[in-house]
Amino acid sequence: MEKLVLIDGHSILNRAFYGVPELTNSEGLHTNAVYGFLNIMFKILEEEQADHLAVAFDLSAPTFRHEKYPDYKGTRKPMPEELREQVPLMKEVLTSMGIPILSLAGYEADDILGTVAKSSQADGIEVSVVSGDRDLLQLADTHIKIRIPKTSRGKTEIHDYYPEDVKREYQVTPTEFIDVKALMGDSSDNIPGVPSIGEKTATNLIVTYGSIENVRDHLEEVRPPRAQKALTEHYDLAEMSKDLATIRLDCPVDFVYDDARIENLYTQEAYHYMKRLEFKSILARFDAVQIGAEENQIEEKFWTIEDFAGAETIFEKAEQARTIGFELILDQKKAVVGLALCFGEDEIYAIRVEGFLTGAYLADKMKSLIENRKEPDSVATIGLKDQLKVMDLEETNVVFDTAIAGYLLNPLKDTYEYDDLARDSLGMTVPSRADLLGKKSAGSAMCAGDEKGCTCACYMGYIAWKSMPKLLENLQNTGMEKLFHEVEMPLIFSLDHMEKAGVRIDRAQLEAYGDRLKEKIAKLEQEIYASAGETFNINSPKQLGEILFERMELPHGKKTKTGYSTAADVLEKLAPEYPIVRMILDYRQLTKLNSTYAEGLAGFIQEDGRIHGTFNQTITATGRISSTEPNLQNIPVRMELGREIRKVFVPEDGAVFVDADYSQIELRILAHMSKDDRLIEAYREAQDIHAITASQVFHTPLEEVTPLQRRNAKAVNFGIVYGISAFGLSEDLSISRKEALAYINKYFETYPGVKTFLDDLVKEGKEQGYVTTLFGRRRPIPELKSSNFMQRAFGERVAMNSPIQGTAADIMKIAMIAVDRELRARKLRSRIVLQVHDELLVETFVDEQEEVTALLEEKMRHAVELSVSLEVEAHAGTTWFDAK
DNA sequence: GGCCTCACG
DNA sequence: ACGTACGTGAGGCCA
C-alpha cells in the first residue's frame, strides 16, 4: 500500500524550537528548530518506510477565517526572532531535498493537511499527519493516522492517533472533538466576562449530545447550570469557535501526489545545507558516494608528487605563477612531511616527503620561492605562524594568511580551516579534514602514506590560493584592509619571534616552590579532615558541598546547576565564622598553585631550559591574543604566595627583565573615543585616574578624596569598561542596586560624553550588527537581536566593552610590532618574551638595558596619538617578580 | 565532554 | 520577571 507522510511545518518547527537546546552554527545562525525538525522527519520516515512526503506551511497573509471573523487573531503567537529566521531556512532545506512545500493563500496549513489527507485516503493511500497541534486530531480516520511528537528530556516520543485512540483518550470521535473544542472556546480567544466551559464539562456534553447543535436543542437539560448559562447567553461564540476550529477538507490546494514521491533526499544541495548548518549527525546519513560531482571534479585535478625531479619541475613552474597557495604539512612532532602547492585551477599538488625529497628541502624551496617574490599578497597560506617554525622567513608582505583574514572578517568562529574558508568566502562545500581523515591530522595521514592525507593537503593549498582574492575584497569592503596589512600580518612575525625566544625558567627553584606547596597542602589536608571529622575529596565541589552544607549544616549561599556553590566568594563570607572554611580556601589556593603552575609549568620546560608557549592570534572576539600550552598570560600576581612563582621566570645570564605596562589604557581609550571634554581634561594631567574620578564625581578636592571614595570610583570605572550595569556594580561593591545606580548616574552626570558614547555604541551595534575599534576591527554581536532579555543585555554590554578592549588590543599589537622591529633593526640581542595584554616583558642584555628601556617606553607611548597621553611604567629586575 | 573553580588583564 | 559585570585557559571531577 502507498504511504504518504504530511507534516505540519510551522507546528513541528515550533515544537523543535522549544524542545531542542539553543544551537548556532559558526555564522551565528540559529539552527535548533531546523535540526529538531529534520530529526523528527527522518525518524518518522524510517519508521513508516513512507514513499511520499509533503510539508504544509501557513502563509503570513490573512485567511478566510480572518475575513469571516474580523476579530479572529489566529493561533499564531508572535515568533521570537531566533525562530523566525529559521522558517525560510527550513523551506530551503526541504526544497533542496526535493520535498514539496504546500501553502495556499487564504488558508491555513491545517486546511491543506485536511484536504490532502482526506482526498489521498479516498484514493486508497495510507496517510500520516505529523503535527504538534492536537486540533488536528479531528482528521484521524481509518487510513489517517495523526502523529504527535513529544520531546521530553531530550528524547522524542511520537504519540499516534487513529479514531479509536482519540476516543480512548478523549471519549469522543475525531469529528466530535471539534465540538468539544468549540464548547471550551479557544483559550486564546477567551472573552473576558464570558464564563468558559472546562474540558470535563465540554467532553461530557458532547458525549451525551454528540454536537453543539444538539446541545443547543437540549439547552434546558444542560448541567451544570454554569454551562447552561454560558451557552444560553453565548451560543453564538461556540458556533463561531466550531466554525473556526473546523479544518476545511475542500480547499483548492494544488497537490500532485507524484510530486511528493521521495526520490532521493540526500542530494548534493541538501548536503551543502547540512554542511553549512553544521549538522554532523545528519551529515552522517549522507552516503559519501552520493555526494556528487563538484568536489570530485576538483579532486580529479589533485596530484601527488613523490619524486625529486617532479618536485623540482613544480617549483620551477610555481616561480612563474602570479599567485600561489601553499601549506607546509607538519606531523605531530612539527616535522615537515609534505607541501601543498597550488597556482591555478589545474595546478594543485601535494608533494610528499620521500627519500631524497626531504622536509628540509621542501621548507627551503618554499622559503626561496617566497623570498624571490616582490608582489605583496601573492602567496597565500592558512596559518603562517606554525609554518615559520620550520621555514625561517624574515618579515614579508608577500604572504597572505587566509586564516587571519577569516578571523578579522568573523572573529567569533572557533576554526579557520580550509573548509571554513571555502564555505565562508567562496560559498563552496568541500569535505573537511575530519570528513576525510577523522581524528587524524593531514600530517600524520600523509606520513603514513594515506592518499586522503594528500587530498586534504591539496584542498589546503587550493582553498588558500582560491580564497585569497575574495578575502582581500572582503577586507577592503569592511574597512579592515589596513588593519590586516599593517597590524595582523606583521604581528604573525612578532609572535613567532616571541614564541621562538621563549622564557627561561629556573627549574630547580620551580621544583623547590612546588615542594614547599606540597608540604603545606599535606598539612592542611590533615587539618581539614580533622575538622570535618572524616576524610573526603576536598577537590570535589560535590563532596565538599555535602560536607559543609549538609553534614556540618553551614548556611549555604548560591546554588549551581549541580548542587551547592562552593566558589570562593561564597566561602569567603563563611570564613570568619567557620575555621574549616578558611582552611579550605587556603587549600584551594595551594592546590591551584601546585597543579596549574608548579607542576603544570614544569612539564613545558624544554631542553634549552625555556618555555616556548603558543600565542594565538585567531581566538578572541575582541582582538586580544591568547596564550596556550601553557597559558603564560595568567601567571599569579594578585596574591603574595602566588606572586612568588614569578621568581622562577628568569632572564639568561648577562640579561635582566624589563617589564613595561600601560597604565589604565582602557580608561584613556574611553576618554579619547568618547571625546568627553571633562574626562580628557582629567586624564591629561592625572597621576591617579581613580582618585580624580572620585574627586570630580563626588565634588571633592583631589587631596581630600577618601580611600572609600577612590575605591568606589575605581569600581565604577571598571563597570564602565565592562558595559555598566547596576547589578554588576552592586555585587562588586556589596551595596544595593539603588546605591549602585546612583553612582552610575552621578558618573554620567559628570561625564555626559561617556553616556552618549556608550548609548551610541549600543545603537550602532543594533543597527549594524557589529561594533568597531578605533582601527576598524569588527566584533559582530548577534545577541543584540535575541528575543531573550539576558542575551540582549549581554549583547549591550559587549557593544560597550568590545570597542574599548579591542582598541587596547590594537594599540598593544602596534606597539609590539614596533618594539620587535626596532630591536631587530638595531641589531640588539634583547627580545620580547611575553605579552600580557597591556604588558610586555623584555629579556634585556645589561649592555642594552638603557637603550631598550627607552625604546620600549617610546614605542609603547607613541604607538598611536590619542587626545590623552598613553602612560607606560617600566621596571627592571633579575626575575619577573622583581621587574613588576 | 560538561561543569565547576580559579588564575590573569 | 528575567539573573549579569568584559575577555581568556587549565586542572580536577564525574557521568
Side-chain angles (χ1 to χ4, degrees), chain A residues 21 411-412 536-545 558-572 584-585 587-601 603-604 613-616 619-639 641-643 645-646 661-666 715-733 737 740 744 771 779 781 783 786-806 808-809 812 834-839 884:
Chain A
L412 301 185
F536 63 102
N537 188 344
I538 312 168
N539 289 320
S540 160
K542 186 168 172 275
Q543 294 184 37
L544 180 61
K558 294 181 287 194
K559 279 205 160 189
T560 63
K561 281 176 207 168
T562 50
Y564 306 101
S565 169
T566 66
D569 58 333
V570 175
L571 297 190
E572 204 60 57
I584 286 160
L585 283 166
Y587 175 88
R588 281 250 179 96
Q589 196 192 17
L590 293 165
T591 51
K592 172 83 178 179
L593 291 173
N594 187 49
S595 58
T596 306
Y597 300 103
E599 304 205 321
L601 289 179
F604 287 101
T614 305
F615 290 88
N616 311 291
I619 300 290
T620 71
T622 54
R624 278 186 174 182
I625 59 174
S626 89
S627 163
T628 49
E629 294 186 323
N631 183 353
L632 294 169
Q633 292 182 319
N634 74 346
I635 304 302
V637 69
R638 295 175 189 165
M639 302 291 286
L641 181 64
R643 194 177 193 142
I645 196 154
R646 293 183 172 225
D661 71 295
Y662 280 115
S663 59
Q664 306 304 339
I665 188 172
E666 294 189 337
V716 176
N717 278 334
F718 265 93
I720 296 286
V721 171
Y722 288 160
I724 196 82
S725 82
F727 181 89
L729 184 62
S730 70
E731 282 287 289
D732 190 49
L733 286 175
R737 292 252 285 270
I744 293 168
V771 291
R779 158 95 192 243
I781 316 179
E783 292 89 350
S786 172
S787 60
N788 177 300
F789 173 86
M790 276 305 300
Q791 290 270 308
R792 226 169 33 245
F794 170 73
E796 288 167 6
R797 294 195 295 273
V798 162
M800 296 187 259
N801 169 266
S802 295
I804 300 172
Q805 188 183 118
M812 179 48 112
L834 294 178
Q835 187 259 41
V836 194
H837 309 308
D838 63 355
E839 169 190 2
K884 252 313 221 183

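Heavy-atom basis, side chains included; hydrogens, waters and symmetry copies ignored. Each chain gets a letter, A, B and so on, in the order the sequences are listed, and its residues count up from 1.
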Novice: Could you state the interatomic distance from CG (Asn616(A)) to CG (Asn631(A)), rounded to the nearest 0.5 Å?
Specialist: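 Spacing of CG (Asn616(A)) from CG (Asn631(A)) equals 9.5 Å.
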Novice: Starting at CD of Glu666(A), measure out to CZ of Phe718(A) and round the result to the nearest 0.5 Å.
Specialist: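 The CD atom of Glu666(A) sits 8.5 Å away from the CZ atom of Phe718(A).
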Novice: Would you indicate, yes or no, if dG9(C) has its OP1 or OP2 atom less than 4.0 angstrom from a side-chain nitrogen or oxygen of Ser626(A)?
Specialist: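 Ser626(A) to dG9(C) OP1/OP2: side-chain N or O found under 4.0 Å.
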Novice: Rounded off to whole Å, could you give me the NE2-to-P distance for the His837(A) and dT8(C) pair?
Specialist: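 Rounded to whole Å, this separation is 10 Å.
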Novice: Measure from the side-chain heavy atoms of Ile619(A) and tell me the nearest of dG9(C), dG12(C), dG7(C).
Specialist: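 Side chain of Ile619(A) sits closest to dG9(C).
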Novice: Give the rounded distance in Å between these two atoms: CZ of Phe794(A) and C1' of dT4(C).
Specialist: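 Going from CZ in Phe794(A) over to C1' in dT4(C) covers 10 Å.
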Novice: For the side chain of Val637(A), counting heavy atoms from C-beta on, which of dA7(B), dG9(B), dT4(C) is nearest?
Specialist: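 Nucleotide nearest to Val637(A)'s side chain: dG9(B).
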Novice: Given the C1' atoms of dG3(C) and dC6(B), what is the spacing between them in whole Å?
Specialist: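 Rounded to whole Å, the distance is 22 Å.
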Novice: Can you tell me how far C1' in dC2(C) sits from the matching atom in dA7(B), rounded to whole Å?
Specialist: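 These two C1' atoms come out 31 Å apart once rounded.
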Novice: Pick base, sugar-phosphate or nothing for Ser565(A), based on heavy-atom distances below 4.0 Å to the nucleic acid.
Specialist: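 Sugar-phosphate only.
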Novice: Which one, dA7(B), dG12(C), dT5(B), comes nearest to the side chain of Gln589(A)?
Specialist: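 Between dA7(B), dG12(C), dT5(B), the one nearest the side chain of Gln589(A) would be dA7(B).
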Novice: Rounding to a whole Å, what distance do you find between Lys561(A):NZ and dA15(C):P?
Specialist: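 Computing the Lys561(A):NZ to dA15(C):P distance gives 17 Å.
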Novice: How long is the straight-line distance from CD1 of Ile744(A) back to CD1 of Ile724(A), given to the nearest 0.5 Å?
Specialist: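 It is 4.0 Å, given to the nearest 0.5 Å.
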Novice: Report the C-alpha separation of Leu412(A) and Arg779(A) in whole Å, then their side-chain angles, then the decisive distance to 0.1 Å, and conclude whether the side chain to side chain contact (heavy atoms under 4.5 Å, CB included) test is met.
Specialist: CA-CA 8 Å; Leu412(A) 301 185; Arg779(A) 158 95 192 243; 3.9 Å; yes
Novice: By nearest atom, which of the nucleotides dC6(B), dA7(B), dA5(C) is closest to the Phe718(A) side chain?
Specialist: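 Of the candidates, dA5(C) comes closest.
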Novice: Between dC13(C) atom P and Lys592(A) atom NZ, what is the distance in whole Å?
Specialist: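 After rounding, the gap between these two atoms is 13 Å.
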Novice: Between Thr566(A) (side chain only) and Pro541(A) (backbone N and O only), is there a donor and an acceptor less than 3.5 Å apart?
Specialist: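 Not at all, since once roles are kept as given, no pair shorter than 3.5 Å links the two residues.
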Novice: Got a second to check how far Leu641(A)'s CG is from Leu590(A)'s CG, nearest 0.5 Å?
Specialist: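 Reported value, rounded in 0.5 Å steps: 6.0 Å.
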Novice: Base, sugar-phosphate, or nothing for Gln543(A), non-hydrogen atoms under 4.0 angstrom?
Specialist: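 Sugar-phosphate, no base atom in range.
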Novice: When you measure from the side chain of Gln633(A) to the backbone N and O of Gln835(A), does any donor-acceptor pair fall under 3.5 Å?
Specialist: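 Indeed, once roles are kept as given, a pair shorter than 3.5 Å links the two residues.
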Novice: OP1 or OP2 of dT5(B) less than 4.0 angstrom from a side-chain nitrogen or oxygen of Asn539(A), does that happen here?
Specialist: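 Answer no for this pair, as no side-chain N or O of Asn539(A) is under 4.0 Å from OP1 or OP2.
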Novice: Regarding Ala715(A), tell me which of base, sugar-phosphate or nothing describes its non-hydrogen contacts under 4.0 Å with the strands shown.
Specialist: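 Contact class for Ala715(A): base.
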Novice: Ala567(A) has a side chain; which of dC6(B), dC2(C), dG7(C) sits nearest to it?
Specialist: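 Closest of the options to the side chain of Ala567(A): dC6(B).
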Novice: With P as the reference atom in both, quote the distance from dT4(C) to dC3(B) in angstrom, rounded to an integer.
Specialist: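 Going atom to atom, P in each nucleotide, I get 14 Å.
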Novice: Here's a test of your reading of the structure: between Val716(A) and Pro630(A), which maps to the more 5' nucleotide of DNA chain C?
Specialist: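 The 5'-side residue here is Val716(A).
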Novice: In dot-bracket notation, what is the pairing pattern of DNA chain C, taking Watson-Crick (N1-N3 plus N6-O4 or O6-N4) and G-U wobble (N1-O2 and O6-N3) contacts under 3.5 Å, with [ ] crossing and | for other strands?
Specialist: .....|||||||||.
Novice: Would you say dT4(C) has OP1 or OP2 under 4.0 Å from some side-chain N or O of Arg797(A)?
Specialist: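 Negative; the distance criterion is not met.
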Novice: When you measure from the side chain of Arg646(A) to the backbone of Pro636(A), do you find a donor-acceptor pair of N or O atoms at a distance under 3.5 Å?
Specialist: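 Confirmed, Arg646(A) side chain pairs with Pro636(A) backbone.
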Novice: Respond yes when some side-chain nitrogen or oxygen of Thr566(A) is under 4.0 Å from OP1 or OP2 of dT5(B), and no when none is.
Specialist: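 Thr566(A) to dT5(B) OP1/OP2: side-chain N or O found under 4.0 Å.
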Novice: Can a side chain N or O of Thr560(A) be found less than 4.0 Å away from OP1 or OP2 on dC4(B)?
Specialist: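 True: Thr560(A) side-chain N/O within range (under 4.0 Å) of dC4(B) OP1/OP2.
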Novice: Pick base, sugar-phosphate or nothing for Glu629(A), based on heavy-atom distances below 4.0 Å to the nucleic acid.
Specialist: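 The answer is sugar-phosphate, as Glu629(A) gets under 4.0 Å only of primed atoms, P, OP1 or OP2.
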Novice: Quick check on side-chain contact (heavy atoms from CB on, under 4.5 Å): which of Leu601(A), Leu593(A), Thr596(A), Val637(A) does Ile645(A) satisfy it with?
Specialist: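 When Leu601(A), Leu593(A), Thr596(A), Val637(A) are each tested with Ile645(A), the side-chain contact (heavy atoms from CB on, under 4.5 Å) holds only for Leu601(A).
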Novice: In whole angstroms, how far is the C1' atom of dA1(C) from the CZ atom of Arg792(A)?
Specialist: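 In whole Å, dA1(C) C1' lies 13 Å from Arg792(A) CZ.
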Novice: Nearest whole Å is fine: how far is dT5(B) P from Asn631(A) CG?
Specialist: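 The distance from CG of Asn631(A) to P of dT5(B) comes to 20 Å, rounded to the nearest Å.
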Novice: On the nucleotide dT8(C), are OP1 or OP2 found under 4.0 Å from the side-chain N or O atoms that Gln805(A) carries?
Specialist: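 For dT8(C), OP1/OP2 do not have a side-chain N/O of Gln805(A) under 4.0 Å.
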Novice: Check this one for me: any side-chain N or O of Thr562(A) less than 4.0 Å away from OP1 or OP2 of dC4(B)?
Specialist: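 Thr562(A) to dC4(B) OP1/OP2: side-chain N or O found under 4.0 Å.
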Novice: Of Thr596(A) and Leu729(A), whose closest DNA chain C nucleotide lies nearer the 5' terminus?
Specialist: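 It is Leu729(A), whose closest nucleotide lies nearer the 5' terminus.
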Novice: Nearest whole Å is fine: how far is dG11(C) P from Glu599(A) CD?
Specialist: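 Distance check: Glu599(A) CD to dG11(C) P gives 11 Å.
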Novice: What's the CG-C1' distance between Leu641(A) and dA7(B), to the nearest Å?
Specialist: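 From Leu641(A) CG to dA7(B) C1': 13 Å.
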Novice: So Val836(A), base contact, sugar-phosphate only, or nothing? Heavy-atom distance under 4.0 Å.
Specialist: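 If one applies the 4.0 Å heavy-atom cut-off, Val836(A) turns out to touch the sugar-phosphate alone, with no base involved.
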Novice: By the 4.0 Å heavy-atom rule, please label Asp732(A) as base, sugar-phosphate, or nothing.
Specialist: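 Base, at least one base atom sits under 4.0 Å.
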Novice: Looking at Arg638(A), does any N or O in its side chain come under 4.0 Å of the phosphate oxygens OP1/OP2 on dG9(B)?
Specialist: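 For Arg638(A), the contact criterion (side-chain N or O under 4.0 Å from OP1 or OP2 of dG9(B)) is met.
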Novice: Nearest 0.5 Å please: distance from the CZ atom of Arg588(A) over to the CG atom of Leu544(A).
Specialist: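 If I round to the nearest 0.5 Å, the distance is 5.5 Å.
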Novice: Check the phosphate of dA7(B) against Arg588(A), side-chain N and O only, distance under 4.0 Å to OP1 or OP2. Yes or no?
Specialist: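 Answer is no, no contact under 4.0 Å.
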Novice: Base, sugar-phosphate or nothing for Ala808(A)? Non-hydrogen atoms, less than 4.0 Å.
Specialist: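 No contact.
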Novice: Looking for any heavy atom pair under 4.0 Å, which part of the strands does Thr622(A) touch: base, sugar-phosphate only, or nothing?
Specialist: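 Sugar-phosphate, backbone atoms only, no base.
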Novice: Mind checking if Ala809(A) touches a base, just sugar-phosphate, or nothing, with heavy atoms under 4.0 Å?
Specialist: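 Contact class for Ala809(A): none.
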